[in-house]
Amino acid sequence: MVINNRLEAWLAFMCMDDPDDILRIIESCPDFKEMYEQIYDICRNLDGVMRMFSKELQELDRNSVELMVDEMQKDLDKTREKLVETRKKMETKDQQLVETRKKMETKDQQLTEKDKEIELLKKELENMKKLYEENK
């Protein structure tokens with residue numbers, strides 16, 4: 001493998017894991033040696049890498065939980081708004097029902113009065129019939 005420029009060195013740096021290729025890259029770009037050493041140290045220190053990933057996963061979990069809580073709060077807020085709207089509608093319907101009941105009671109009273117009046121008129125008619133029959 002021949003490295004002609006820095007771009008090829010970077011590509012090789014990212015892709016190669018063969019020790020001979022790594023030595024060629026370091027020979028052509030000596031500043032890559034420090035980066036390879038850091039990567040090598042990381043690979044040797046798997047506990048440190050795992051702790052780093054563990055911390056990142058904890059942060060992701062915390063963020064996921066916060067997102068879920070935020071979404072649940074939004075859903076709860078929407079549900080509360082719907083509940084308030086439904087209660088207002090129910091109150092309006094209740095008021096309408098009360099008004100309708102009052103109207104029905106008034107009509108019932110009027111009907112009762114009419115029934116009484118009809119009864120009185122029937123009695124009067126009966127009395128008049130009797131009088132007529134007597135006077136005949």
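The structure displayed is predicted, hence computed values, not measured ones.
Summarising the hydrophobic clusters (Ile, Leu, Val, Met, Phe, Trp, Tyr; side-chain heavy atoms under 4.5 Å, direct or chained), the residues clustered with L120 are none. Grouping Ile, Leu, Val, Met, Phe, Trp and Tyr residues whose side-chain heavy atoms lie under 4.5 Å apart, directly or via other members, leaves L67 alone, with no other cluster members. Apart from L125 itself, the hydrophobic cluster it occupies contains nothing, where clustering links Ile, Leu, Val, Met, Phe, Trp and Tyr at side-chain heavy-atom distances under 4.5 Å. Counting Ile, Leu, Val, Met, Phe, Trp and Tyr side chains that sit under 4.5 Å apart, directly or through other members, V69 shares a hydrophobic cluster with V65.
Among pairs with a residue in residues 29-84, those fulfilling ring-ring contact (aromatic ring centres under 6.0 Å, His included) read W10-F32, F13-F32, F13-Y36, at least two apart in sequence or across chains. Annotation: salt bridge (charged side-chain N to carboxylate O under 4.0 Å, His left out) contacts involving residues 53-79, sequence neighbours excluded, comprise E59-R62. Judged as a salt bridge (charged side-chain N to carboxylate O under 4.0 Å, His left out), not a single pair has a partner in residues 7-18 (not counting sequence neighbours). The salt bridge (charged side-chain N to carboxylate O under 4.0 Å, His left out) contacts involving residues 82-93 comprise nothing, where partners must be two or more places apart or lie in separate chains.
Look at R24 and D21 and you find a salt bridge, because one of the NZ, NE, NH1 or NH2 atoms lies within 4.0 Å of a carboxylate O, short of that distance.
Atom CG of L111 is separated from atom CE of M104 by 10.5 Å, given to the nearest 0.5 angstrom. Note that CG of L23 is 9.5 Å distant from NZ of K33, once rounded to the nearest 0.5 Å. Separating the OG atom in S54 from the CG atom in D47 is a distance of 11.5 Å, to the nearest 0.5 Å. Taken to the nearest 0.5 Å, the OG1 atom of T112 stands 12.5 Å off from the CD atom of E117.
Nearest heavy-atom pair across I25 and A9 is CG2-O, 4.1 Å.
The side-chain hydrogen bond (donor to acceptor under 3.5 Å, both in side chains) search around D31 returns R6, not counting sequence neighbours. Not a single side-chain contact (heavy atoms from CB on, under 4.5 Å) links E81 to another residue, sequence neighbours left out. Residues satisfying the side-chain contact (heavy atoms from CB on, under 4.5 Å) criterion with K122, sequence neighbours excluded, are I118, E119.
Counting non-hydrogen atoms of neighbouring residues, nucleotides and ligands closer than 6.0 angstrom, the CD atom of Q96 exceeds 12 such neighbours.
Although no hydrogens or angles enter the test, the distance criterion places a donor-acceptor pair under 3.5 Å between the side chain of N135 and the main chain of L131.
Hydrophobic clustering of Ile, Leu, Val, Met, Phe, Trp and Tyr side chains at less than 4.5 Å, counting indirect connections, unites M14 with I39.
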